[in-house]
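Below is one structure, written out as structure tokens; the observations come after it.
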Amino acid sequence: MTAGTETTTSPAHQGGSYSGRPNLQVGAANGIDYAYRDTGPENPAGAPLVLLQRFRGNLDNWDPALIDALAWSRRVLAFDNAGVGSSTGATPNTVEQMAYDAIAFIAALDLTQVDLMGFSIGSFVAQQIALTRPALVRRLILASAAPQGAVGMHGWAPDVIGAVGNPQPKPDQYLDVFFTQSAASRQAGQENLKRMSARTQDRDKATTWATRQAQYDAVCRWGIPDHGLLQQLSCLELPVFVANGDSDPMISPHYSYLLAGLIPQARVKIYPDSAHGFLFQHHAEFAADVDRFLSASL
């Protein structure tokens with residue numbers, strides 16, 4: 001393993017707010033140098049929580065308030081997958097390859113078992129990891145998720161991809177997809193944007209247009225209707241927490257209920273007056289729910 005000047009036992013893992021954590025780098029066996037941030041208590045107990053980011057997201061697109069709440073009692077690792085942000089390589093155009101790249105990152109940190117939290121396209125990758133390498137994943141959190149092969153997921157509605165998929169998305173377009181039109185949700189959205197932009201130094205590299213194209217290709221491939229692919233989730237034997245906002249225009253909460261019906265040990269929660277960014281709007285409640293889920297006995 002090559003890791004720049006950092007390793008898994010580096011002093012970077014000493015707590016502190018996510019917004020102030022340094023950007024680290026680790027080299028993996030697949031030849032990719034992964035950018036990541038490591039936060040949590042100095043002597044965490046249990047499996048680390050590895051985060052899988054949304055469409056076009058990088059390290060700076062996680063809400064620090066959410067990450068800080070998640071990392072209160074456990075190690076949390078956020079990373080850029082291959083070709084994303086400051087990581088090297090090219091972004092693959094299939095969820096399957098993204099999953100293998102994420103597994104390579106986890107292996108580079110010498111982790112033998114982790115909890116996974118996937119958000120949006122990251123939830124697709126998380127499902128694929130759990131199917132491909134089941135012994136690696138202790139518990140699984142799927143935020144704004146849909147199963148592979150579900151009807152209605154072959155690409156996003158024109159207004160959604162027009163908002164989040166253009167070369168330079170604007171704050172108002174982000175708010176339209178990630179938050180509802182209510183005053184409370186819009187206020188939460190403004191606060192979310194402020195928190196994510198508070199870091200002014202050592203910010204991650206912006207995702208490229210090539211990453212956007214490859215990720216959307218992967219989304220569309222994942223969404224090709226195939227009833228048979230839905231059945232593969234029945235083999236997942238681990239506990240799974242499925243969550244979404246009640247008004248998500250990008251990935252309907254209908255798919256959360258579908259996932260919960262397909263996965264034997266799944267539980268589902270839908271958060272009120274929220275959209276694709278429900279986990280940022282309801283960051284304290286969602287983090288508390290995740291903590292209870294991860295800490296509960298089997």
Side-chain angles (χ1 to χ4, degrees), residues 51-55 66 70 95 99 115-131 134 137-157 159-161 164 176-182 185 188 218-294 296 298:
L51 309 181
L52 297 154
Q53 182 60 292
R54 65 169 173 85
F55 178 66
L66 172 63
L70 291 171
V95 170
D115 294 323
L116 285 182
M117 187 180 91
F119 173 32
S120 191
I121 190 175
S123 74
F124 306 167
V125 178
Q127 292 172 62
Q128 192 64 44
I129 293 171
L131 290 167
V137 186
R138 189 186 73 98
R139 297 195 178 192
L140 183 63
I141 301 143
L142 303 175
S144 297
Q148 184 177 12
V151 173
M153 273 298 297
H154 188 227
W156 291 316
D159 58 332
V160 172
I161 193 60
V164 300
D176 286 343
V177 173
F178 282 71
F179 299 87
T180 74
Q181 295 295 320
S182 76
S185 187
V219 167
C220 290
R221 290 188 184 194
W222 184 263
I224 295 173
D226 188 332
H227 181 74
L229 288 175
L230 299 176
Q231 306 311 309
Q232 64 185 347
L233 293 174
S234 65
C235 71
L236 292 180
E237 298 180 348
L238 74 170
V240 180
F241 177 41
V242 184
N244 202 352
D246 64 356
S247 301
D248 188 345
M250 201 167 185
I251 302 178
S252 167
H254 157 75
Y255 297 111
S256 295
Y257 291 112
L258 178 58
L259 280 164
L262 293 167
I263 301 171
Q265 293 191 61
R267 63 197 74 178
V268 63
K269 180 172 181 177
I270 305 300
Y271 295 75
D273 185 29
S274 57
H276 201 62
F278 78 93
L279 67 173
F280 302 153
Q281 178 174 337
H282 297 285
H283 55 84
E285 181 181 359
F286 177 68
D289 290 336
V290 168
D291 182 68
R292 281 190 291 270
F293 169 70
L294 295 178
L298 293 176

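On a predicted model such as this, the values are computed, not experimentally measured, just so you know.
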Hey, are the side chains of [X] and [Y] touching, using non-hydrogen atoms and a 4.5 Å cut-off?
| X | Y | result |
| --- | --- | --- |
| H282 | K269 | no |
| F124 | I251 | yes |
| Q148 | L233 | no |
| P147 | L229 | no |

Distance-only donor-acceptor check, side chains D248 and Y255, under 3.5 Å: no
Donor + acceptor pair across side chains of D273, S185 (<3.5 Å): no
L259/V240 under side-chain contact (heavy atoms from CB on, under 4.5 Å): CA gap, chis, key distance, verdict: CA-CA 10 Å; L259 280 164; V240 180; over 6 Å; no
Given F286, F278, F280, the one that forms ring-ring contact (aromatic ring centres under 6.0 Å, His included) with F119: F280
Calculate, to the nearest 0.5 Å, the distance between atoms [atom1] and [atom2] belonging to [X] and [Y] respectively.
| X | Y | atom1 | atom2 | result |
| --- | --- | --- | --- | --- |
| Y271 | D246 | OH | CG | 12.0 Å |
| I141 | L51 | CD1 | CG | 8.5 Å |
| S252 | N244 | OG | CG | 7.5 Å |
| R221 | M153 | CZ | CE | 15.5 Å |
| H154 | I224 | NE2 | CD1 | 4.5 Å |
| I263 | C235 | CD1 | SG | 9.5 Å |

side-chain contact (heavy atoms from CB on, under 4.5 Å) assessment of M117 paired with L70: CA-CA 11 Å; M117 187 180 91; L70 291 171; 4.1 Å; yes
Which pair of non-hydrogen atoms, one from [X] and one from [Y], has the smallest distance, and what is that distance?
| X | Y | result |
| --- | --- | --- |
| V160 | M250 | CG1-CG, 3.7 Å |
| I121 | F55 | CG2-N, 3.4 Å |
| S123 | L142 | O-CD2, 3.6 Å |
| Q281 | P272 | NE2-O, 4.3 Å |
| Q181 | D176 | NE2-OD1, 3.5 Å |
| R139 | D115 | N-OD1, 3.1 Å |

Whether over 12 other heavy atoms sit under 6.0 Å from E285 CD: yes
Verdict with supporting geometry, L294 and R138, side-chain contact (heavy atoms from CB on, under 4.5 Å): CA-CA 9 Å; L294 295 178; R138 189 186 73 98; 4.0 Å; yes
R267 NZ/CZ over F293 ring centroid, <6.0 Å and within 45° of normal: no
Side-chain (W222) to main-chain (A146) donor-acceptor, under 3.5 angstrom: yes
